Amino acid sequence: MKRWQRALQDNYGTPTIELVSGKGSVVKDSNGNTYLDFLAGIATNVLGHGHPAVVKAVTKQIATLGHVSNFYAHPNVLELAEKLQKMTGDKSARVFFCNSGAEANEAALKLSRKTGKYKIVATNESFHGRTMGALSLTGQPSKRNPFKPLLKGIKHVPFGDSLAMKRAITKKTAMVIVEPIMGEAGVIVPPSDYLKNLRKYCDDNGALLVFDCVQTGMGRTGDWFGYEYSGIKPDVITLAKGLGGGLPLGAMIALGSASTLFSAGDHGSTFGGNPVATAAGLAVIASIEKEKILKHVDEVGAFLLAELALIPGVTEVRGAGLLIGLTLEKPVAKAVTKKCQESGALINAPGESIIRLAPALNVSMRQAQKFVAIFSQALKGVTHV
Ligand SMILES: *Cc1c(COP(=O)(O)O)cnc(C)c1O
């Protein structure tokens, strides 16, 4: 902790444990303690730690060709773009690769400027990243206020409120951005017709509909993309977190007529589409398909939703697949997170009474059972003091 404070900036606060190795959903710290990893690098390590397919693909690629920039093509960037295009079900989809979620949303923001308009509608409590453009989209005052002035022309409305969106979207709106399920806000699920309504309002006003699937993409919800249940398609999908299976990789995918808004010279990233990161992305997709992980996500997710709801002190359990939010009866989320860590499970508390779980998508049913036992004991421990 002292070394962290002496060498790193204070933007994260100081972590209390140092992780040194991991296998699947188990990580080990520098004191030899092991933990069930139910946060997975913030919804990132979709195949857990050290998955053989990712290790093999990355090792082979770094030994063959490490980085080339986008002045040159290479096999992985082409193959991964084709894969993602296929997953969107839209042959006209075109992919831009970057390295993080914030960058994917920055790219969407710039793409929307190419419509000739600049006004944007986003939602309260949303999280779209920390860079100035992405932060301007983010709907959390505590993150925004210290950095004002932010971008102009962005209106925030309550999440899940179709009427508020209908009122806010006009012919002047360039884009509307929402998370299919708000992740950082505590796993907030909108009403089932919300995304469909947004599609209609955007169509009526010629606005781009952007789904920030950075957290809800890549199988997290049991589908490839978190919006699929709605039956509609957005104009833009942003991805990161799970895409690289633990390596930094992001993407902004534009569909239909949005796919040709950028022309040569409009945007770029030196590392975007890097051979090693895209090798990891290809290994992630191939393994999810081969190991039938999407079905597994539904099964383990349903088990966790049901079991967690039975724990005394839990008032609500929500989410989709393996993105799960819990509301606690008492504001003990930080304390229960600490207690879980002491008892061998890593989780996250996005609010005073809210817990977020986002384990690896291949977490086993046994590990899920073990987690429920640890969590339930931890909650009992902190609420009975
Ligand atoms: C994490 C997250 C981001 C930001 O991603 P970074 O890689 O941290 O820049 C953006 N949108 C959503 C929905 C996220 O969960």
Side-chain angles (χ1 to χ4, degrees), residues 9 11-12 39-46 96-112 120 122-140 142-144 147 150-151 154 156 159-160 175-190 194-195 198 209-221 223-227 234 236-253 269 271-274 277 280-281 284 319-325 348-351 354 356-359 361:
Q9 297 191 20
N11 55 309
Y12 297 111
L39 192 55
I42 317 186
T44 291
N45 306 318
V46 284
F96 165 78
F97 285 112
C98 51
N99 316 286
S100 68
E103 282 176 82
N105 290 325
E106 292 285 343
L109 187 57
K110 280 182 72 177
L111 189 83
S112 79
I120 292 174
T123 63
N124 292 343
E125 305 311 317
S126 62
F127 186 76
H128 300 295
R130 305 278 203 151
T131 54
M132 289 304 269
L135 183 61
S136 302
L137 302 171
T138 292
Q140 302 183 26
S142 62
K143 296 189 170 70
R144 299 165 56 85
F147 301 101
L150 295 168
L151 281 187
I154 302 176
H156 290 87
F159 181 74
M175 81 179 213
V176 173
I177 183 166
V178 294
E179 297 167 71
I181 294 174
M182 286 204 297
E184 300 298 304
V187 191
I188 312 297
V189 184
Y194 185 58
L195 301 183
L198 299 191
L209 179 58
V210 182
F211 286 159
D212 178 346
C213 297
V214 168
Q215 190 152 158
T216 50
M218 302 314 294
R220 175 61 46 198
T221 63
D223 290 323
W224 282 119
F225 306 117
Y227 65 81
V236 176
I237 302 163
T238 56
L239 294 174
K241 294 207 163 86
L243 183 58
L247 271 82
L249 180 61
M252 186 275 283
I253 311 174
S269 162
F271 276 122
N274 166 278
V284 165
L322 286 171
L323 181 60
I324 297 175
N348 166 249
I354 302 177
R356 173 176 52 165
L357 308 176
L361 305 185

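Read the numbers this way: they start at 1 and go in the same order the structure lists the ligands and their atoms. All values reported here derive from a predicted model rather than from experimental measurement.
Put simply, the side chain of Arg220 gets close to the backbone of Leu322: a donor and an acceptor are under 3.5 Å apart. Remark: side-chain polar atoms of Thr138 are paired, donor with acceptor, to backbone N or O of His128 under 3.5 angstrom. Of the possible polar contacts, one joining the Glu179 side chain to the Phe127 backbone as a donor-acceptor pair under 3.5 Å is found.
Of all the heavy atoms of His128, the ones lying under 4.0 Å from any atom of ligand 1 belong exclusively to the backbone. The proximity of Asn105 to ligand 1, defined as any non-hydrogen pair under 4.0 Å, is limited to the side chain. The backbone and the side chain of Ala102 each have at least one atom closer than 4.0 Å to an atom of ligand 1 (non-hydrogen atoms only).
Applying the 4.0 Å criterion to heavy atoms of Ser100 picks out, from ligand 1, the atoms 7 (O), 9 (O). Of all atoms in ligand 1, numbered sequentially from 1 with element shown, those under 4.0 Å from a heavy atom of Glu179 are 13 (C). Atoms of ligand 1 found under 4.0 Å from any heavy atom of Asp212 (numbered from 1 in listed order, with element): 10 (C), 11 (N), 12 (C), 13 (C).
By the 30° and 60° cut-offs, the orientation of the rings of Tyr227 relative to Phe211 is tilted.
Atom CE in Met252 sits 12.5 Å away from atom CG in Asp212 (nearest 0.5 Å). One distance of note links CZ of Phe159 with CD1 of Ile188; it measures 8.0 Å at 0.5 Å rounding.
On a distance-only criterion, Val214 and ligand 1 share no N/O pair closer than 3.5 Å. Between Phe127 and ligand 1, an N or O atom pair is found at a separation short of 3.5 Å.
Here the heavy atom of the protein found nearest to atom 5 (O) of ligand 1 is Gly101 CA, 3.2 Å.
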(request) Just do the side chain to side chain contact (heavy atoms under 4.5 Å, CB included) check on Leu243 and Val284 with the steps written out, would you? (result) CA-CA 7 Å; Leu243 183 58; Val284 165; over 6 Å; no
(request) Please test His156 against Arg144 for side chain to side chain contact (heavy atoms under 4.5 Å, CB included), starting from the C-alpha separation and ending with a verdict. (result) CA-CA 12 Å; His156 290 87; Arg144 299 165 56 85; 3.3 Å; yes
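At least one protein heavy atom sits closer than 4.0 Å to atom 7 (O) of ligand 1.
For atom 1 (C) of ligand 1, the nearest non-hydrogen atom from the set Gln215, Lys241, Glu184 comes from Lys241.
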